[in-house]
Amino acid sequence: MQQLVDLYKKWSGEDPKRVEKLPGAGSNREYYRMVGADEKTVIGVVGTSRDEDHAFIYLARHFGSLKLPVPRVLAASDDELRYLQEDLGQVSLFDAIRGGREAGGRYNQREKELLKLTIRQLANIQMRGARGLDWKNCYPQPAFDQDSVLFDLNYFKYCFLKPTDLDFHELKLEANFRMLAKDLTAEDCDGFLYRDFQARNVMLVPTTQHPTPNTQHLTPYFIDFQGGRRGPFYYDLASFLWQASAKYPHKLRRDLVMEYYQALKQYTEVPSTRHFVERLALFVLFRTLQVLGAYGFRGYFERKKHFIDSIPPAMQNLRELLKEGEGGFGYSLSRQYPYLVEMLHRLTELPQFAQIEQPALNRADGYKTTDKNPYKAHPQDGPATYSKYDGKGPLVVRVFSFSYRKGIPEDESGNGGGYVFDCRSTHNPGRYEPYKKLTGLDEPVIRFLEDDGEILTFLESVYRLADAHVRRYIQRGFTSLMFSFGCTGGQHRSVYSAQHLAEHIHRKFGIEVHINHREQGITQVLKNI
């Protein structure tokens with residue numbers, strides 16, 4: 001510690017006014033916020049591995065020379081075991097999107113924009129950061145290769161799989177491991193593989209011109225990249241978007257993949273979308289097994305509660321991946337790695353990993369075609385007659401929020417208006433001062449309603465009615481259906497309910513949904529998927 005203070009004094013010309021030790025991270029490095037007489041701060045770091053610290057110092061200076069968003073290294077000791085770096089503040093991306101994560105993956109618009117900003121910068125540091133980089137300075141090895149893949153796969157086998165007592169054929173599994181390792185390293189790539197790309201390692205820094213934390217005026221800065229090396233860009237994308245605890249819903253994850261894909265085009269020639277997604281699936285599989293290995297070691301052997309608690313969501317991630325691997329990624333994982341996939345299916349079915357019931361976040365399939373004659377007539381009834389709307393399709397759903405003081409919305413289609421739901425029986429956030437100027441689209445109101453829970457029970461019944469009605473209208477080829485939600489002012493409960501039903505229908509059936517928050521003057525169209 002004294003040596004770090006001496007380094008600060010040598011750099012600044014005076015002792016720090018005060019030194020605050022920061023919470024420990026995953027490594028053995030120690031971090032301190034050092035405050036000068038002018039109240040300006042820097043971060044002091046005390047490391048235990050010269051090679052690891054050298055890698056960070058070298059990479060930070062290299063990235064800095066390319067004007068990439070990383071902290072500047074201000075000073076370093078001769079042995080590089082202590083160094084000072086720029087203080088990027090205390091707001092990480094992990095903290096900034098906490099609300100959506102704790103709401104089970106219901107991220108608001110601001111949180112989604114922060115994720116898009118970050119994913120675009122990932123492509124920037126991966127491709128531009130690799131230019132002129134001397135890979136010999138990377139730690140613990142210069143490149144992603146088959147040996148490192150097999151090390152991580154066997155880490156999964158010994159630290160997670162074996163402690164479960166699942167019966168498996170080790171030679172068959174090893175053969176599939178080797179095949180997966182070969183496939184993961186099949187494409188040559190000169191990009192920078194960040195290795196530990198996660199929301200905790202992204203700091204959100206306001207621009208000089210706009211010091212207020214507005215999403216449009218924030219820049220994601222990257223930290224803790226000392227484990228980076230030469231490797232494929234797919235790895236970091238899989239690591240970030242398939243992190244189990246983040247609970248990214250399917251649509252948001254898909255949008256972020258395409259956001260990254262478009263950003264990557266600015267720096268390098270990219271494969272076709274199909275090829276890109278297929279390759280990404282391999283890295284998602286690998287990263288999932290790698291994470292389970294780490295959770296097994298930290299949880300089963302070191303008995304750290306956080307890692308034990310992280311196992312169920314990671315296993316849910318694995319279930320979803322295995323399901324998507326049978327078609328969702330455009331090909332079958334089971335054809336490429338039959339024994340591995342069969343063994344993973346058995347692993348997810350073990351009693352200790354019993355599936356936790358969660359709200360469906362992905363759209364159900366099977367509603368793209370129209371059955372123009374869904375009724376089976378009884379012989380005594382004679383031929384059926386049909387509405388003039390039968391078989392026309394496709395169905396468009398319109399969802400309104402409104403204030404009862406201003407009347408129920410009119411149905412311009414001429415069909416009579418469909419369902420009208422009264423939200424006034426549920427707890428009203430508008431009665432409390434902090435929410436009076438907000439709407440049901442704002443995060444504080446969303447949290448209020450969901451924590452209270454009445455609105456969720458109310459919507460469960462609405463969803464059952466709506467799902468049956470929408471499904472039948474699609475079968476019959478009807479073109480229009482309307483839902484309206486009313487409350488006292490058309491501001492909080494009705495807006496929340498209308499927005500969530502619209503997104504539920506769009507997510508589940510993939511059809512076009514028009515949203516109209518009448519009293520707020522807000523309209524939105526969710527296009528046909």
Side-chain angles (χ1 to χ4, degrees), residues 26 101-106 149-177 179-181 184 198-199 235 238-250 252-253 280-329 332-362 364:
R101 185 172 61 251
E102 292 180 350
R106 189 177 290 112
V149 172
L150 288 171
F151 175 88
D152 284 329
L153 290 174
N154 281 296
Y155 190 50
F156 159 75
K157 179 173 71 175
Y158 290 113
C159 293
F160 187 86
L161 187 58
K162 288 211 171 207
T164 67
D165 292 328
L166 180 74
D167 182 53
F168 64 92
H169 194 295
E170 198 151 354
L171 291 179
K172 289 182 179 180
L173 183 61
E174 185 68 23
N176 274 198
F177 277 175
M179 189 177 303
L180 177 58
L184 288 168
Q198 55 169 301
Y235 181 101
S239 177
F240 187 75
L241 294 183
W242 272 264
Q243 185 179 14
S245 61
K247 302 175 183 176
Y248 298 128
H250 175 75
L252 175 58
R253 186 184 283 156
L280 177 60
L282 298 184
F283 283 88
V284 174
L285 174 61
F286 171 58
R287 181 61 180 161
T288 302
L289 300 184
Q290 185 184 51
V291 164
L292 285 171
Y295 289 171
F297 179 73
R298 299 289 187 183
Y300 294 148
F301 294 97
E302 295 187 344
R303 307 306 301 170
K304 293 184 177 179
K305 185 177 185 302
H306 166 72
F307 293 99
I308 293 175
D309 292 343
S310 298
I311 290 173
M315 291 300 294
Q316 181 61 22
N317 241 17
L318 180 58
R319 285 188 193 89
E320 293 173 2
L321 173 63
L322 293 172
K323 182 178 179 181
E324 289 177 344
E326 300 311 312
F329 277 113
S332 175
L333 288 172
S334 61
R335 286 202 298 271
Q336 292 177 274
Y337 317 108
Y339 186 76
L340 171 61
V341 170
E342 184 268 330
M343 184 274 299
L344 291 176
H345 273 295
R346 288 191 289 116
L347 178 67
T348 62
E349 294 167 359
L350 291 177
Q352 61 264 45
F353 303 130
Q355 187 168 356
I356 301 171
E357 288 297 324
Q358 298 177 346
L361 291 174
N362 299 346

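Quick note: numbers below take in every heavy atom, side chains included, and nothing from hydrogens, waters or symmetry partners. In this text the structure is predicted, and so the values were computed from the model without any measurement.
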**Student:** Quick check: do His345 and Val341 have side-chain heavy atoms less than 4.5 Å from each other?
**Tutor:**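 Yes, their side chains come closer than 4.5 Å.
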**Student:** Within a strict 4.5 Å, meaning less than it, do heavy atoms of the Tyr295 and Ile308 side chains meet?
**Tutor:** no
**Student:** Please determine whether side-chain contact (heavy atoms from CB on, under 4.5 Å) holds for the pair Tyr248 and Phe240, giving the CA-CA distance in whole Å, both sets of side-chain angles, and the decisive distance to 0.1 Å.
**Tutor:** CA-CA 10 Å; Tyr248 298 128; Phe240 187 75; 3.9 Å; yes
**Student:** Is any side-chain heavy atom of Met343 closer than 4.5 Å to a side-chain heavy atom of Leu161?
**Tutor:** yes
**Student:** If the test is side chain to side chain contact (heavy atoms under 4.5 Å, CB included), which one of Leu350, Leu347, Thr288 qualifies with Met315?
**Tutor:**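 Checked Leu350, Leu347, Thr288 against Met315; only one passes side chain to side chain contact (heavy atoms under 4.5 Å, CB included): Leu347.
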**Student:** Please tell me if the side chains of Leu344 and Leu285 come closer than 4.5 Å, counting only heavy atoms from C-beta onward.
**Tutor:**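 Touching, per the 4.5 Å side-chain cut-off.
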**Student:** For the residue pair Glu174 and Lys157, establish whether any side-chain heavy-atom pair is separated by less than 4.5 Å.
**Tutor:** yes
**Student:** Between Gln290 and Tyr235, is the side chain to side chain donor-acceptor pair (under 3.5 Å) condition met? List the steps.
**Tutor:** CA-CA 11 Å; Gln290 185 184 51; Tyr235 181 101; 2.6 Å; yes
**Student:** Can you see which heavy atom on Gly293 is nearest to which on Cys159, and at what distance?
**Tutor:**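 Shortest heavy-atom contact: O-CB, 3.6 Å.
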**Student:** Kindly write out the residues that satisfy ring pair (Phe, Tyr, Trp, His ring centres under 6.0 Å) with Tyr300, not counting sequence neighbours, or none if the list is empty.
**Tutor:** Phe160
**Student:** What distance separates Gln243 CD from Gln198 CD, expressed to the nearest 0.5 Å?
**Tutor:** 5.5 Å
**Student:** Output the distance between atom OG (Ser245) and atom CG (Asn317), rounded to the nearest 0.5 Å.
**Tutor:** 9.0 Å
**Student:** Show, in sequence, the C-alpha distance, side-chain angles and deciding distance for Arg346 and Phe168, and conclude whether the side-chain contact (heavy atoms from CB on, under 4.5 Å) test is met.
**Tutor:** CA-CA 10 Å; Arg346 288 191 289 116; Phe168 64 92; 4.3 Å; yes
**Student:** Tell me whether the NZ or CZ atom of Arg253 lies within the 45° cone about the ring axis of Trp242 and under 6.0 Å from its centre.
**Tutor:** yes
**Student:** State the CD-CG distance between Glu342 and Leu322, to the nearest 0.5 angstrom.
**Tutor:** 11.0 Å
**Student:** Parallel, tilted or perpendicular: which fits the ring planes of Tyr155 and Phe297, with parallel below 30° and perpendicular above 60°?
**Tutor:**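 Rings of Tyr155 and Phe297: tilted, as their planes differ by 30° to 60°.
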**Student:** Rounded to the nearest 0.5 Å, how far does CG of Asp152 lie from CZ of Phe177?
**Tutor:**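 Phe177 CZ to Asp152 CG: 10.5 Å, rounded to 0.5 Å.
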**Student:** Whether Arg319 and Glu349 form a salt bridge (side-chain N of Lys/Arg under 4.0 Å from carboxylate O of Asp/Glu) is what I want to check.
**Tutor:** no
**Student:** Provide the closest heavy-atom pair for His169 versus Tyr339 in the form atom of the first, atom of the second, distance.
**Tutor:** N-OH, 2.5 Å
**Student:** With a 3.5 Å distance limit and no angle check, can you tell me whether Arg287 reaches the backbone of Leu282 through a side-chain donor-acceptor pair?
**Tutor:** no
**Student:** Nearest 0.5 Å, please: how far is NZ in Lys304 from CZ in Arg298?
**Tutor:**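 One gets 5.0 Å once the value is rounded to the nearest 0.5 Å.
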**Student:** Give a yes or no on whether Phe301 atom CZ has more than 12 heavy-atom contacts from other residues, nucleotides or ligands under 6.0 Å away.
**Tutor:**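 Enclosed: over 12 neighbouring heavy atoms sit under 6.0 Å from CZ of Phe301.
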**Student:** For Glu170 and Lys162, what are the C-alpha separation, side-chain angles and deciding distance, and is it a salt bridge (Lys or Arg N to Asp or Glu O under 4.0 Å)?
**Tutor:** CA-CA 10 Å; Glu170 198 151 354; Lys162 288 211 171 207; 3.3 Å; yes
**Student:** How close do Pro249 and Gly105 get, heavy atom to heavy atom, and via which atoms?
**Tutor:**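 Looks like CD-O, 3.2 Å.
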**Student:** Does the side chain of Asn176 reach to within under 4.5 Å of the side chain of Pro338, using non-hydrogen atoms?
**Tutor:**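 Contact flag for Asn176/Pro338 side chains = yes.
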**Student:** Would you compute the distance between atom NZ of Lys323 and atom CG of Leu318 and round it to the nearest 0.5 angstrom?
**Tutor:** 14.0 Å
